[in-house]
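This report concerns only the one structure given below.
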There are 2 protein chains.
Amino acid sequence: MNDLEKRRSEGRAAILKALAHPSRVLIVEKLSAKPYCVCELTAMVGADTSTVSKHLSILRNAGIVSDSKQGTSVYYSLEAPCLLRLLDCVESVIQQNLQRQLSYLKA
Amino acid sequence: MNDLEKRRSEGRAAILKALAHPSRVLIVEKLSAKPYCVCELTAMVGADTSTVSKHLSILRNAGIVSDSKQGTSVYYSLEAPCLLRLLDCVESVIQQNLQRQLSYLKA
DNA sequence: TTGTTATTTGGCAATATGGCCAATATTTGA
DNA sequence: TCAAATATTGGCCATATTGCCAAATAACAA
């Protein structure tokens, strides 16, 4: 792995890592419909506000979401629209795995 | 987050987690061209054989790659073709972040 | 059988991640 | 100004991840 490849892989892995948590996946899916504030997302995720806030800051640092303050609330929006197709691909891997398991059961 | 949503997010995050490591991203990119054995991938990644073997087992457990033994070697192949488009999306997020940083510099 | 090559597995130490609580802004409205 | 509501940050602990070494396993050839 040369230096260029190494930096490329590290950059890509960093984005994937930012997505790779159940709560963060859920947040991205919810934000694909419309922006939500932290308190709304907190209710959806079902964790402490501070925990959700930290998840959001991870997504923001990765450039996946953006925030804008309105009154005392902070609203988050999805920045990268292609992420939904990305999740579709992930879903197809899951479906393929299920198919495989089914065919093992039959055999 | 109800139970269905919870399980869905966990499943998707598990796949993303399997991808979210520089060496594993590199492996997926290399395997998109053609299958390689562990020793070839070990050379590409530049880590201990045992380390690469463990990375491959993580990818295999996620259904992202499959393996087939040929002699004393084990060849790994990419199972999910859409993963390349997934990486393209990740790349576009990176490019978008760069654009943003550039426009900050200009301002 | 014995040795060689290729791979996997177990074990361990270092580091990273995740979650809650408590403390600290920040904005708004009484 | 003071209190209330919303978010973020710091601290701490439990758990997970990663990478190397050493040991075990598997296939093959002499």
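Side chains included, hydrogens not; waters and symmetry mates left out as well; all remaining heavy atoms used. Residue numbering restarts at 1 for every chain, and letters A, B, ... go by the order of the sequence lines.
Applying the salt bridge (Lys or Arg N to Asp or Glu O under 4.0 Å) rule to pairs touching residues 36-45 of chain A yields nothing, sequence neighbours excluded. For residues 49-76 of chain A, the pairs satisfying salt bridge (Lys or Arg N to Asp or Glu O under 4.0 Å) are A:Arg60-A:Asp67, with sequence neighbours left out. Pairs of residues two or more places apart, or lying in two chains, that qualify as salt bridge (Lys or Arg N to Asp or Glu O under 4.0 Å) and include a residue from residues 94-107 of chain A are A:Arg100-B:Glu79.
For the pair A:Ser53 (side chain) and A:Ser50 (backbone), a donor-acceptor distance under 3.5 Å is absent. Between the B:Thr42 side chain and the B:Val38 main chain, a donor and an acceptor come within less than 3.5 Å of each other.
Sorted by residue number, the members of residues 37-45 of chain A with any non-hydrogen atom under 4.0 Å from DNA chain D read A:Cys37, A:Val38, A:Cys39. Listed by residue number, A:Ser53, A:Lys54 are the residues of residues 52-66 of chain A with a heavy-atom contact under 4.0 Å to DNA chain D. A heavy atom lying under 4.0 Å from DNA chain D marks none of the residues of residues 16-29 of chain A.
Applying the side-chain hydrogen bond (donor to acceptor under 3.5 Å, both in side chains) rule to B:Lys30 yields the partners A:Glu5; only residues at least two apart in sequence or on another chain are considered. Under the side-chain contact (heavy atoms from CB on, under 4.5 Å) criterion, A:Cys82 pairs with A:Arg85, B:Cys89, B:Ser92, not counting sequence neighbours. Partners of A:Arg24 under the side-chain hydrogen bond (donor to acceptor under 3.5 Å, both in side chains) rule, at least two apart in sequence or in another chain, are A:His55. With sequence neighbours excluded, the residues forming a salt bridge (charged side-chain N to carboxylate O under 4.0 Å, His left out) with B:Glu91 are A:Arg12, listed by chain and number.
Annotation: side chain of A:Lys17 is not in contact with side chain of B:His21 (no heavy-atom distance under 4.5 Å). Side-chain contact between B:Leu41 and B:Leu31 is present, with heavy atoms from C-beta onward closer than 4.5 Å. Considering only heavy atoms from C-beta on, B:Leu16 comes within 4.5 Å of A:Leu86 through its side chain.
Backbone-only contact: B:Ser73 has heavy atoms under 4.0 Å from sugar-phosphate atoms and none from a base. Among the atoms of the strands shown, none is found under 4.0 Å from any heavy atom of A:Tyr75.
Here the range on DNA chain C touched by chain B, meaning any atom under 4.0 Å from one of its heavy atoms, is C:dT5 to C:dG11. Read 5' to 3', the first and last nucleotides of DNA chain D with an atom closer than 4.0 Å to a heavy atom of chain A are D:dT6 to D:dG11.
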